[in-house]
Every structure is written in structure tokens, then in C-alpha cells.
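Report on the following structure.
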Amino acid sequence: GAISNSNGEGKAVFDLDMLKALPVTTFKTKTTWTEGIKSFTGVSLQALLAAVGSTGTVAKSIALNDYGVDVPASDAVIDGPIVAYLMDGQPMPVRDKGPLWIVYPFDAKPEYRTEATYTKSIWQLSRIEIK
């Protein structure tokens with residue numbers, strides 16, 4: 001997509017080790033899909049977009065089943081959503097929303113606890129297309 005840093009044919013492909021090499025963010029929050037407060041660890045959407053040199057305004061996020069949702073690049077802020085690869089310190093299997101899940105710190109701000117934000121919290125994330 002609209003990126004300036006790629007590692008092959010105009011795209012940036014990350015494996016888990018490459019994601020883990022980016023700055024790590026952890027927060028605790030409740031979600032509507034899990035019980036109680038969970039700890040999520042991953043790379044902030046802000047850091048990920050910066051790493052690929054994003055020049056777009058939308059991060060089209062697509063799950064393993066090809067479900068897609070548009071996440072505005074403006075959501076990629078400090079203390080904002082992360083691409084989580086750990087929940088409560090453990091990798092997330094596909095059957096439990098993994099291996100990657102865009103998670104917002106829902107408990108941090110009331111504006112994150114809206115239906116519009118919940119729809120952007122896509123699990124089983126497989127790719128992001130920057131537009």
C-alpha cells in the first residue's frame with residue numbers, strides 16, 4: 001500500500017520476531033469478547049505505521065477469513081491501539097482471536113468504548129493494507 005519502507009515488491013512483510021523487534025507496548029483492559037481484565041502486549045499501531053513509512057490515511061485491516069475493517073490512521077496515537085500478539089503473557093491461538101489482534105485500550109478513554117471502536121478491534125489479523 002501507501003508505504004515508503006518495504007522489504008519486497010512494494011510491501012512490508014513481518015513475521016512474529018520482526019514484530020517483537022519493534023517497540024513493545026503492554027496495557028490492561030476489559031473487552032466485550034473476554035472475561036475480566038486482560039493484559040495485551042504487542043506493537044502500537046503508531047509504531048507499526050511509522051516502521052513501514054505509512055503515507056496513507058486508512059489501515060485496511062484484514063482477518064484470516066478475509067473480513068476487513070478500515071482503521072483510520074488517525075487512530076494510531078500514543079497510548080492508542082496495538083497489534084497484540086500476547087494476551088495475559090501468552091500467544092493467542094487462532095481459535096482464541098490470534099495470532100494477532102488489534103486491541104484498543106478500552107478502559108483508558110470513554111471514546112474507545114463505542115460500537116464504532118469495537119468494530120475496528122479486529123482479531124485473527126493477517127494483513128494491513130495502507131490506503
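- Looking at T55, its side chain does come within 3.5 Å of a backbone N or O of A2 through a donor-acceptor pair.
- Annotation: salt bridge (Lys or Arg N to Asp or Glu O under 4.0 Å) contacts involving residues 62-71, sequence neighbours excluded, comprise K60-D70, D66-R127.
- Shortest non-hydrogen contact noted between L49 and A76 is CD1-CB, 3.7 Å.
- Other residues, nucleotides and ligands contribute more than 12 heavy atoms inside 6.0 Å of the CD atom of E111.
- Expressed to the nearest 0.5 Å, how far CD1 of I82 lies from OG1 of T41 amounts to 6.5 Å.
- One N or O on the side chain of S126 and one on the backbone of I62 form a donor-acceptor pair closer than 3.5 Å.
- Panel note: side chain T25, backbone V43; no donor-acceptor pair is recorded below 3.5 Å.
- Residues I3 and A12 share a closest heavy-atom pair of CD1-N, 3.7 Å.
- Rounded to the nearest 0.5 angstrom, M92 CE and K97 NZ are separated by 10.0 Å.
- Nearest heavy-atom pair, Q124 versus G98, reported as atom, atom and distance to 0.1 Å: CG-O, 3.2 Å.
- Counting heavy atoms from C-beta outward, L100 and L19 have side chains that approach closer than 4.5 Å.
- Under the 4.5 Å side-chain contact rule for hydrophobic residues, L22 and V24 share a cluster.
- The structure places CZ of R113 at 10.0 Å from CZ of F106, a figure rounded to the nearest 0.5 Å.
- Test L86, L125, D96, T31 against W101 for side chain to side chain contact (heavy atoms under 4.5 Å, CB included) and you get one pass: T31.
- The side-chain hydrogen bond (donor to acceptor under 3.5 Å, both in side chains) analysis of residues 1-22, with sequence neighbours excluded, yields no pairs.
- The side-chain hydrogen bond (donor to acceptor under 3.5 Å, both in side chains) analysis of residues 73-92, with sequence neighbours excluded, yields the pairs K38-D88, D75-Y104, D75-K120.
- Using a 4.5 Å heavy-atom cutoff, the side chains of P81 and V103 are not in contact.
- Between the side chain of S121 and the main chain of Y118, no donor-acceptor pair closer than 3.5 Å is present.
- Applying the under-4.5 Å side-chain rule to Ile, Leu, Val, Met, Phe, Trp and Tyr, the cluster around V94 extends to L64.
- Looking at residues two or more places apart in sequence or on another chain, you find no ring-ring contact (aromatic ring centres under 6.0 Å, His included) involving F27.
- S61 contributes no side-chain N or O that, together with a main-chain N or O of I128, makes up a donor-acceptor pair within less than 3.5 Å.
- The CD1 atom of I37 sits 6.0 Å away from atom CG of D107, with the distance rounded to the nearest 0.5 Å.
- Nearest heavy-atom pair, G56 versus A73, reported as atom, atom and distance to 0.1 Å: O-CB, 3.7 Å.
- In terms of heavy-atom proximity, G80 sits nearest to Y112 at CA-OH, 3.5 Å.
- By the salt bridge (charged side-chain N to carboxylate O under 4.0 Å, His left out) test, K109 is found to be paired with no residue, residues two or more places apart in sequence or in another chain being considered.
- V58 and Y67 are members of different hydrophobic clusters when ILVMFWY side chains are connected at heavy-atom separations under 4.5 Å.
- If you take CG on L45 and CD1 on I102, they are separated by 6.0 Å, rounding to the nearest 0.5 Å.
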